[in-house]
Amino acid sequence: MKLGKTYDPQEYEAMIYDLWEQSGAFKPKEGGEPFVTVMPPPNANANLHIGHALNNSLQDIAVRYQRMQGKSALFLPGADHAGFETQVVYEKQLTQEGKSRFDFSRDELYARIYEFVQANRGNMEKQVRAMGASVDWSRAMFTLDEQVVKTTYGTFKKMWEDKLIYRGERLVNYCTFHRTGFADIEVSYEERTSPLYYLKYGPFTLATTRPETKFGDTAVAVHPDDKRYKEFIGKVITAEGLNGPFEIRVVADQYVDPAFGTGAVKITPAHDFNDWEIAQRHNLEAIRVINHDGMLNHRAGQFEGMPVAEARIKVAAALKDKGLLEKIDENYRNRVGVCYKCGTVIEPMLLDQWFIDMKRLAAPAIKELKRNKIAFHPTQKLEQTITYLETVKDWNISRQIAWGIPIPAFQNTEDPDDWIFDDRANQEIIELDGKTYRRDADVFDTWFSSGHWPFVTLDYPDNPDFKRFYPNDLMETGIDILYQWVARMIALGLYVTGVVPFKNVYLHGMVRSEDGRKMSKSLGNVLDPQQVIASHGSDALRMGIISGRSPGLSAAYDPSKIDAARNFCNKLWNIARFVEDTIGDNYDGRHKATPETPADHWILLKLQHATEKMTLDLENYRFSEAYDTLYHTVWDDFADWYIEASKSSPNHGVLAYGLETLLKLAHPFAPFVSETIWQTLKWEKGLLISSSWPVAKAGNKEQASVFSDLQAIITEIRSISRNLHLSRSHLYHTGSQLLTAHGELIARMAHLKGVSEVSDGKGLRLTSTKENCWLDVDQETARSYLGKLEEQQTAEGLSVERMKARLANKSYVSNAPKELVAETKSNLAASEHRLQQINSEIDAFAATAQDV
RNA sequence: GGGUGAUUAGCUCAGUUGGCUAGAGCAUCUCGUUUACACCGAGAGGGUCGGGGGUUCGAGUCCCUCAUCACCCACCA
């Protein structure tokens, strides 16, 4: 294969992915220690966003690395039916057609959404492929697959039997637009200005933001110690209302803050969470005033059929007319719960729902977490997860939507209290023991079933996959769903399987837009990964997106990093072109990477260090650091130094070995370009994806340090040349073996006319080396360098002073590690030598200055 | 109200257990077409690591404190 001048990802990526897939490399190999990670399932019918790109990249880097380490690596893909999310999308489409979900029965709606999802499926998987994810497609799982449903039902039944699940009428966060309840965690809050109305209630004045709920009031509450109201506690008082006088109880409760408003509060148990709590304590009736459509009901009399917001104003006005409204504080700020999808104000609504007793479910999980059974990256998130599980309230898992897994609970049509579990949930009506049961119309919260993901994907409990690959090694997902998903997976996984579901949790932060804002569809600043892949290639996206990123921290998307990564691919490409050109078509002695020159030793040592560093970083999930090492080893060490040096004396074995090593190190990060190049290596028959992680070959340290000396000389010459605007100067030395041996190399790399031996030095003496050598410049030109030399003299002098002071400090010498002290000593010696060189060079100038 | 994180070069960000002259990419300036690459090469400039205290031989890193920003949790009638 003749390689083009620049790497064109478009030309190779699809082909390479096919090659991998057809080779079976994505499947875990038989036997061996497993490494397992399951993909957080992207929405089946939506496009991947940049967060998925980050997620997939991190997981795939880990998997490819572990695969090359010889593990039986499994990256298991999936697709999410995404319950409510998808239904919302479908509802929008219905709206455009002038229809509403309420035009259909839940079963009809389910069928329609199913078709909708089927029609749009496949796109997402294509995009996962385009990102290079090395997933085992044969094990792909959809969150509505029979396996998932079956296992979820099994858990529901087990929890039912363990009394971890209960059905009850409770206040639930309810969106009157979508007409479904939510879990606490799904409600978002907005700070708003809400008028605070002061209502007259018999002897009380009480402050409320919700006068329209007064028809559901069943008490007035005061603080037990509030002297103002002592006489009323426990009494029933009479107050004037809109429709004449009414009676209401006065209760005392610690919850009431005497300092807020008037210290007296109306209690509406059916529409306020705190009031509900108080009602439980005082045995108060709960009267519904608001219907599921968000309208007031008959309880509100003349206001029946009015939406809440309108009723609020009208009720206040009516109260005012009757002289029952004392005042309105228009500037009151409070936080209002809203639906995270549509922004509709969440109404606390009394509903019969299924709840999970989270205290009991979470307790064993908390215990395991405290025993450090799961390593968190970043580590601080462990503590936060524990705190969350310790304080979490019971979890409402019923959703009044169509798109989801039906709840396998049936109610006796004759006896509302008679609920049974039955997994024939595909039927609406079942008969049992001569009785008729009707299925609960609701579906599960999608997070209830996705809480099973780490094992349901492995065909829990009987499939050998489960026994082999559970628990997972790595769960990688966004930090935004730590509680929503990760915490619940841990609790549910432990409950169902008896083992925590994964050993490591890696939480990536959010990818923000370039200007640092949140990326969102509504802001119109989302970035399509497909576009990045089209313009820069998949590898560039992978590396650019993980570069400089820390777990748990949000960071802006930086296109310059994608550019850099694209250029990096091209650098690799051209290294390959050079190496393959240099070693020629007949090369086949790849095992003889015998170092000869100092440069050979030096690059072997560099490759060894890079391998060690990257291995350590990848083992510890420090992706960005590993990439950084790769980048600079490839670019700075191999391309800029080794290749340039090898133009003087090419060592085919080391060049080939170096290229192979770099391709291996690069492969987890840049799988496409590395594999593409690998396929051009004549002596390699297999696939890079299936090859092994490099084993470091050590170079000789002393030989390597000779090359470091040469680098110092070359760098100094380049610097002086640039500073003095020299071009093609000459270097003289007085019998230096180093310079005699490597004159050609230095001349080439420092862009000199030549290097030659003389009996007496003249010109500008180099100060970075122990060798006696001079750049051939006239006194006039050399003198113009004096300023620079003096700067160096000052800096070097400071450095010497600092190190001397340090070594004079007895505490340092006795407390600091021995190696460090030794290093300081040798650095001091080197520094002193350099200073001496600089000093004598400056003195020489002074001498010649007097001559003039 | 409680909690967590962030504050490092013009911009976006690294910096693992405290270790000596704090890094990267991009941007800037100067030069350069020497048989891989202009998606390039060489050189250079740019930071009192948010402020103030403390611990230590040594602090970007640990402790205290203040400030600013971000996020999470609770949720105010």
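Numbered from 1 within each chain, the chains take letters A, B, ... in sequence-line order. It should be emphasised that the depicted structure is a prediction, and the values quoted were computed from it without experimental measurement.
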Per-nucleotide protein contact string for nucleotides 11-19 of chain B, where B marks a base within reach and S marks sugar-phosphate only (heavy atoms under 4.0 Å, - for neither): -BSSSB--B
Just call it for D640(A): base, sugar-phosphate, or nothing, with non-hydrogen atoms closer than 4.0 Å on any strand. sugar-phosphate
Among residues at least two apart in sequence or on other chains, which ones pass ring pair (Phe, Tyr, Trp, His ring centres under 6.0 Å) with H536(A)? none
State whether E191(A) and R333(A) are salt-bridged, where the test is any N-O pair (Lys NZ or Arg NE/NH1/NH2 against Asp/Glu carboxylate O) under 4.0 Å. yes
Who are the side chain to side chain contact (heavy atoms under 4.5 Å, CB included) partners of V308(A), not counting sequence neighbours? R210(A), E212(A), I290(A), L296(A), R312(A), E347(A)
Does D617(A) come within less than 4.0 Å of K613(A), counting only side-chain N to carboxylate O? yes
Distance-only check: which donor-acceptor pairs under 3.5 Å involve side-chain atoms of residues 635-642 of chain A, not counting sequence neighbours?
| unit_1 | atom_1 | unit_2 | atom_2 | d |
| --- | --- | --- | --- | --- |
| D636(A) | OD2 | H632(A) | ND1 | 2.9 |
| Y642(A) | OH | D600(A) | OD1 | 2.5 |

NA contact type, H536(A), heavy-atom cut-off 4.0 Å: base, sugar-phosphate, or nothing? nothing
Using Watson-Crick or G-U wobble pairs with both distances under 3.5 Å, give me RNA chain B in dot-bracket, 5' to 3', with [ ] for crossers and | for pairs to another strand. (((((((..((((.....[...)))).(((((.......))))).....(((((..]....))))))))))))....
Is there a donor and acceptor pair, one atom on the side chain of R566(A) and one on the base of C39(B), closer than 3.5 Å? yes
Could you list, one pair per line, each protein nitrogen or oxygen that sits under 3.5 Å from a nitrogen or oxygen of nucleotides 27-29 of chain B, together with the distance?
none

Report yes or no: is there a donor-acceptor pair, N or O only, under 3.5 Å between the side chain of K571(A) and the base of C37(B)? yes
Under the salt bridge (charged side-chain N to carboxylate O under 4.0 Å, His left out) definition, can you give me all pairs with a residue in residues 378-390 of chain A, not counting sequence neighbours? K370(A)-E390(A)
Under 4.0 Å between any heavy atoms, over every strand shown, what does Y631(A) touch: base, sugar-phosphate, or nothing? Just pick one. sugar-phosphate
Residues which pass ring pair (Phe, Tyr, Trp, His ring centres under 6.0 Å) with Y483(A), listed by chain and number, not counting sequence neighbours: Y388(A)
Applying side chain to side chain donor-acceptor pair (under 3.5 Å), name anything that partners K214(A), two or more places apart in sequence or on another chain. none
Identify the pairs formed between an N or O of the protein and an N or O of nucleotides 30-32 of chain B at a distance under 3.5 Å, and give each distance.
| unit_1 | atom_1 | unit_2 | atom_2 | d |
| --- | --- | --- | --- | --- |
| U30(B) | O2' | R722(A) | NH1 | 3.0 |
| U30(B) | O2 | R722(A) | NH1 | 3.1 |
| C31(B) | O4' | R722(A) | NH1 | 3.3 |
| C31(B) | O4' | R722(A) | NH2 | 3.2 |
| C31(B) | O2' | R722(A) | NH2 | 3.1 |

Side chains of E13(A) and S538(A): donor-acceptor distance under 3.5 Å anywhere? no
Give me the ring orientation class for F623(A) and Y506(A): parallel if the planes are under 30° apart, tilted from 30 to 60°, perpendicular past 60°. perpendicular
Does any donor atom in the side chain of H223(A) or D253(A) lie under 3.5 Å from an acceptor atom in the other side chain? no
Where the side chain of K393(A) is defined as all heavy atoms beyond and including C-beta, which of G5(B), C37(B), A74(B) is the nearest nucleotide? A74(B)
Touch check for G537(A), heavy atoms < 4.0 angstrom, all strands: base, sugar-phosphate only, or nothing? nothing
What residues form a ring pair (Phe, Tyr, Trp, His ring centres under 6.0 Å) with Y189(A), not counting sequence neighbours? none
Any residue meeting ring pair (Phe, Tyr, Trp, His ring centres under 6.0 Å) with Y557(A), in chain and number order, not counting sequence neighbours: none
Would you please say whether a donor-acceptor pair under 3.5 Å links the side chains of T824(A) and Y812(A)? yes
Side-chain donor or acceptor of K518(A) under 3.5 Å from a matching atom on the base of A70(B)? no
Assess whether one donor atom and one acceptor atom, taken from the side chain of E644(A) and the base of A42(B), lie less than 3.5 Å apart. no
